Structures are given as structure tokens and as C-alpha cells.
Amino acid sequence: MPELPEVESLVRLLRPHLVNQIIAAYEMPKPLHGGYQIADLMGQRITGLERCAKLIFLRTPGAAAVLHLMLNGQLIYISADGRTRLAGGHPGPDMIAELPCSTTRLIIRFASGSRLYLNDSRNFAHMELIPADSIPDLRKRKRYGPDPLSPDFTADYLQIALSRRSRTTIKEALLDQTVAPGIGNICADESLFLAGIHPARSSADLDDVEIGRLVKGIADTLEAGIRRGGSANEARGSVKETRRAQQQVFKVYARKGLSCLRCGTPIERIVIGGRGTHYCPKCQRRTAPN
DNA sequence: TGCCCCCTGCAG
DNA sequence: CTGCAGGGGGCA
């Protein structure tokens, strides 16, 4: 579930606490795809924590655990004295629960006495262990485009990437990690709203002005999300509470039927590429400008 | 490119 | 009961 802002926030939050910790033991109370591989990291010192698209790299001198939280994954760090508790990922009741809880799939214990919990109610999250020097190969295999937070994610780049996706909608193109790695369903909807572009528009039909606005919309959406420490990350209660918080924070996502903050028109929800898609029918027109 | 699947929980 | 959930891979 977490998108770029959540994963980035989580990595920044945990990095200073995890780096230099020695991995001492682990438990898997429930299955985690690839989780057993963590056995190979026993005794290893963590040298880095990085984000790549929506992936998290937990690095040791020789290897990297590559973790994807998918839709429902969470990471929670608890210090040895139990007084520091840092959480990120999917907002939900299990994020604030006593740990381990019913969704806990992996516990990593460090020599210091602190520990890291991975919760995932749906068993979609997965982990793989790769040699440290094969990270470039992984990036190549995934064919990720330039990170949207990097200076390489320019209008010129996006123009070319979108022109390659001529037969798809702009919404689907944004969800394509080879085009915009890290962008997810919320960021896509929010960015398109800021840019005033209808999500069902053909990706190759956008003109230069629209692509410029889209690049700006993506940057603004990501920046706002990271500044917040992860979109709507403050909502960790019931589905209903989370939804309410999302409606406070987002412009269109989760706001079906509510008034557009710019023009007052009710926000609509359609399905594109199998994903719920939210937009303002007045501010985001279906047809090209000319 | 579109569909289906992976899995669980919650709300209408 | 059905639909829905901030993801992604495999399939024809």
C-alpha cells in the first residue's frame, strides 16, 4: 500500500536507528514470502537503509534484503528500552497494537535488544535476499525509470516515456513503475488533479504544457506527502477513521461525492486499469485542450 | 493490453 | 452477501 512518500518517510525515520545494528535473531510467527532468507543475515551489521521505487533495501556488507510492503505492510521499530516506537507503512489498527500481533509475520531482533516487526494482514508483502553488488542488476531487471524525487524526472523525460505508452491512459502510465517508479494510486490521482488532467486521457495526447503541469503536480504531491511523514499516516485506527483523515488531506482521493475544493463540483470515482480513480469532472477535462 | 490471481478484513 | 482496499505478476 505504501507509496513513495510512505516508503521514503519510513526509510528516513528508521535509518538512524537501524544502521549499525547487529541482526541477532528472527522469528516468523506467520508466513512471509521470502522471509526465511533472513536467516542468512544473522550476525550481520546493517550498513544502510534505502528506498528504490517502493522497495526498501536493508543493506549489510555482503547482501541486501529487498522488502516490498505491497498493500498492507507495516514496519515498526521498538528500542531496547521500549520507549522509542517508530512505525510506518499501511495505516491500520495493527500499527498501534501490542506487538507481536495477529498480523505480525517477521520479527528481527538486534544484539542491542531493539527489534523490528513486519506486519501484513494479507500476506502480499515479500522479501528477497540478494548479493550487495547485484543491486544494479535488480534495478535493471525492474526497468525503473528515474526516481520522481530526482532531478532526472523532468518534463522532457516524461514526454518521451509517455509517448512510448501511446495506447494507455495517463492514469495507467503513471502507475507503471518503469515510467514513474514509486507513484501509486493516491499520488496518481492527486497529481492529475493538480495538473488539471483527466485520468482517462490518452497518455500520448498530453501537450507540453500539460506535461509540465503534471511534473509539477507529481513533485508537489510527493513533497506534501513526505512533509506529512507519509500520506494520512496519522490515521491508524479503523477503516472509517482512516478514510476521514484521507478526506482531510487529499484533494480527490477517497473524496467521491464530496465537493471539489477548487470548483465545488462533486468528485467522481471511476475504475481505470482495475484501480479506483478519483477526479473532478470539471477541473479535469476528458478532451485535449485544443 | 486486459483479465485474473495472490490474500484478508471491513463496511454497506 | 458483494464490493472494496495506497501493489504487482502472470497469463493469453
Side-chain angles (χ1 to χ4, degrees), chain A residues 1-10 30-34 51-56 66-75 88-95 97 101-105 119-128 138 141-144 148 164-169 171-193 199-200 202-204 218 221-222 224-226 228-247 249-257 269-278:
Chain A
M1 88 131 341
E3 302 183 20
L4 189 154
E6 288 71 40
V7 180
E8 181 67 25
S9 298
L10 184 54
K30 294 200 168 181
L32 164 67
H33 299 291
R51 178 189 62 79
C52 174
K54 293 166 193 163
L55 295 173
I56 295 171
V66 182
L67 175 66
H68 198 311
L69 296 175
M70 295 296 279
L71 280 165
N72 286 252
Q74 312 169 330
L75 284 180
H90 190 278
D94 43 350
M95 188 177 275
C101 68
S102 63
T103 65
T104 301
R105 294 180 183 277
N119 291 346
D120 176 23
S121 61
R122 293 171 77 176
N123 197 15
F124 278 174
H126 51 85
M127 213 198 77
E128 72 174 311
L138 175 70
R141 190 175 80 218
K142 299 279 189 182
R143 298 171 160 268
Y144 290 136
R164 280 192 277 111
R165 293 265 174 302
S166 57
R167 297 207 9 172
T168 189
T169 62
K171 163 80 182 235
E172 290 169 293
L174 286 180
L175 290 179
D176 181 342
Q177 303 295 289
T178 70
V179 172
I183 302 295
N185 204 34
I186 294 181
C187 291
D189 285 4
E190 295 294 296
S191 303
L192 288 169
F193 173 78
S202 168
S203 68
I218 290 169
T221 300
L222 297 178
I226 292 172
R228 223 180 283 122
S231 310
N233 209 21
E234 59 281 331
R236 291 169 182 174
S238 67
V239 172
K240 212 169 187 175
E241 289 171 315
T242 301
R243 184 173 198 77
R244 206 189 330 273
Q246 287 172 334
Q247 291 170 348
V249 158
F250 300 126
K251 308 263 194 288
V252 288
Y253 183 82
R255 297 194 69 246
K256 176 187 175 185
R269 179 188 178 279
I270 56 177
V271 175
I272 296 179
R275 313 299 299 279
T277 299
H278 312 75

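Here the structure is a predicted model, which means the values were calculated and not measured. Order of the sequence lines fixes the chain letters, A, B, ..., with proteins taken first and strands second; residue numbering starts at 1 for each chain. Because only heavy atoms are used, hydrogens play no part in the values below, and waters and symmetry mates are left out as well, while side chains stay in.
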Grab the [atom1]-[atom2] distance between [X] and [N] for me, whole Å please.
| X | N | atom1 | atom2 | answer |
| --- | --- | --- | --- | --- |
| A/Leu192 | C/dG6 | CG | P | 15 Å |
| A/Glu6 | C/dA5 | CD | P | 16 Å |
| A/Asp94 | B/dC7 | CG | C1' | 14 Å |
| A/Lys251 | C/dG6 | NZ | C1' | 17 Å |
| A/Asn72 | B/dC10 | CG | P | 11 Å |
| A/Arg269 | C/dG6 | CZ | C1' | 13 Å |
| A/Ile272 | B/dC3 | CD1 | P | 14 Å |
| A/His126 | C/dG9 | NE2 | P | 7 Å |

Closer than 4.0 Å, any side-chain N/O of [X] to the OP1 or OP2 of [N]?
| X | N | result |
| --- | --- | --- |
| A/Asn185 | C/dG6 | yes |
| A/His90 | C/dA5 | no |
| A/Lys142 | C/dG9 | yes |

key: Member of A/Thr103, A/Thr104, A/Asn72 meeting the side chain to side chain donor-acceptor pair (under 3.5 Å) criterion with A/Asp94   = A/Thr103

Using the [atom1] atom in both, what is the distance from [N] to [M], to the nearest Å?
| N | M | atom1 | value |
| --- | --- | --- | --- |
| C/dC1 | B/dC6 | C1' | 22 Å |
| C/dA5 | B/dT1 | P | 23 Å |
| C/dG6 | B/dA11 | P | 15 Å |
| B/dC7 | C/dG10 | P | 15 Å |

Watson-Crick or G-U wobble mate for C/dG6, both contacts under 3.5 Å = none

note = When both distances are under 3.5 Å in a Watson-Crick or G-U wobble arrangement, the nucleotide paired with B/dC7 is none

Could you work out which one of [options] sits closest to the side chain of [X]?
| X | options | result |
| --- | --- | --- |
| A/Glu172 | B/dG2, C/dG6, B/dA11 | B/dG2 |
| A/His68 | C/dG6, B/dT1, C/dG8 | C/dG8 |
| A/Arg167 | B/dT1, C/dG8, C/dG6 | B/dT1 |
| A/Ser121 | C/dA5, C/dG6, B/dG9 | B/dG9 |

request  = Spell out yes or no: do the side chain of A/Gln177 and the base of C/dG8 have one donor N/O and one acceptor N/O closer than 3.5 Å?
outcome  = no

ask   = When you check the gap from the basic side-chain N to the acidic O, do A/Glu128 and A/Lys142 get nearer than 4.0 Å?
value = no

ask   = Nearest nucleotide by nearest heavy atom, which residue falls closer to the 5' end of DNA chain B, A/Phe124 or A/Val239?
value = A/Phe124

ask   = Of A/Lys240 and A/Arg165, whose nearest nucleotide on DNA chain B comes first from the 5' end?
value = A/Arg165

task = Check whether any side-chain heavy atom of A/Leu75 lies under 4.5 Å from a side-chain heavy atom of A/Leu67, and answer yes or no.
result = yes

key: 4.5 Å side-chain heavy-atom contact, A/Tyr253 and A/Asn185   = yes

ask   = Between A/Arg122 and A/Tyr144, which has a closest nucleotide on DNA chain C that is more 5'?
value = A/Arg122

ask   = Between A/Leu138 and A/Leu55, is a side chain to side chain contact (heavy atoms under 4.5 Å, CB included) present by the stated rule, with each step listed?
value = CA-CA 11 Å; A/Leu138 175 70; A/Leu55 295 173; 4.2 Å; yes

request  = Carefully, step by step, assess A/Thr169 and A/Thr277 under the rule side chain to side chain contact (heavy atoms under 4.5 Å, CB included).
outcome  = CA-CA 12 Å; A/Thr169 62; A/Thr277 299; over 6 Å; no

